[in-house]
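Read through the structure below, which is laid out as structure tokens, and then see the notes.
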Amino acid sequence: MKIVVVENYEKLSSEAARIIINQLKKKPDSVLGLATGGTPVGMYENLRKAYAEGEVSFKDVKTYNLDEYCGIDPKHPQSYHYYMHQNLFDYIDIKPENVHLPSASENWENAAKAYNDLLNQTEIDLQVLGIGSNGHIGFNEPGTSFEQETFVVELAEKTRLDNQRFFNSLDEVPRYAITMGIKNIMQAKQILLLISGKNKAETAKRLLEGKVSNDFPASVLHLHPNVTVILDEDAYGLQK
Ligand code: GLP
């Protein structure tokens, strides 16, 4: 696990975007695994800028998102479909047919299986991850088996409380999501994990301690051969 500590959120965002841009320059038809949440917003901003300035093209890129809430329409402002269009897809030259997210407005179990089948037919070159304060990756909550494939997950109370800030009330936060499983995530050739902010410092500390356990899903990344973790100083704080 390669650890990169940068001064602040701006640097984390530009450094993360730089890794993706370099990947696309090296392999223009890369397959990217993408994440949502607050953390990668700045990275997407940098990618939009790089595209607008002609530095990079997404015309042959394929993307697979980690997860989607169940029971909210793709047009809902808090759906991850909406997020991805707002933050990236609507501003770049990616082909609509090359964009993939779990489709959680239909039969959830069938949709999870269909997404898993899709993932098993591809190989992700670079998977971007954020981390939940409880150590979740995608929506793989504490206790999830490392062998888990894409599934319908009941969100942990802590996750719903953390994500309440994006909704009008806790009641509106979905209770279920479809997420790539830990096994799918671990099949990516390369993984980029972003951790930002003081509120993630305890989480970062626990990850960097290096103990691998189902109780802390992100710890599985210690078992992957090609992981880069970018932390800003606020997130790294407790290691100083
Ligand atoms: C969300 C997402 C994760 C994300 C994490 C952290 O619920 N499912 O993919 O990495 O929680 O989000 P944030 O970056 O907003 O802290």
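Remember, predicted model here, so these are calculated numbers, not experimental data. Below, all heavy atoms of this structure are taken into account, side chains as well, without hydrogens, waters or symmetry copies. Starting from 1, each residue takes its place in the sequence as its number. Counting convention: from 1, in listed order, for ligands and their atoms alike.
At a threshold of 4.0 Å, the pair Lys11-Glu15 does not count as salt-bridged, since none of the basic side-chain nitrogens sits closer than that to a carboxylate oxygen. A salt bridge links Glu209 to Lys205: one of the charged nitrogens lies within less than 4.0 Å of a carboxylate oxygen. Salt bridge present: Glu55 and Lys25 bring a charged side-chain N and a carboxylate O closer than 4.0 Å. Salt bridge absent: Glu202 and Arg206 never bring a charged side-chain N and a carboxylate O closer than 4.0 Å.
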May I have a table of the N/O to N/O pairs between ligand 1 and the protein that fall below 3.5 Å, each row giving the two atom names and the distance to 0.1 Å?
| from | atom 1 | to | atom 2 | distance (Å) |
| --- | --- | --- | --- | --- |
| ligand 1 | 7 (O) | Asn163 | ND2 | 2.9 |
| ligand 1 | 8 (N) | Asp67 | OD2 | 2.9 |
| ligand 1 | 8 (N) | Gly138 | O | 3.3 |
| ligand 1 | 10 (O) | Ile131 | N | 3.4 |
| ligand 1 | 11 (O) | His136 | NE2 | 3.0 |
| ligand 1 | 14 (O) | Gly38 | N | 3.3 |
| ligand 1 | 14 (O) | Thr39 | N | 2.9 |
| ligand 1 | 14 (O) | Thr39 | OG1 | 2.4 |
| ligand 1 | 15 (O) | Gly38 | N | 2.7 |
| ligand 1 | 15 (O) | Arg165 | NH2 | 2.9 |
| ligand 1 | 16 (O) | Lys200 | NZ | 2.6 |

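Using cut-offs of 30° and 60° for the angle between ring planes, the Tyr64 and Tyr115 rings count as tilted.
Applying the salt bridge (Lys or Arg N to Asp or Glu O under 4.0 Å) test to pairs two or more places apart or on separate chains, those with a residue in residues 59-79 are Asp60-Lys95.
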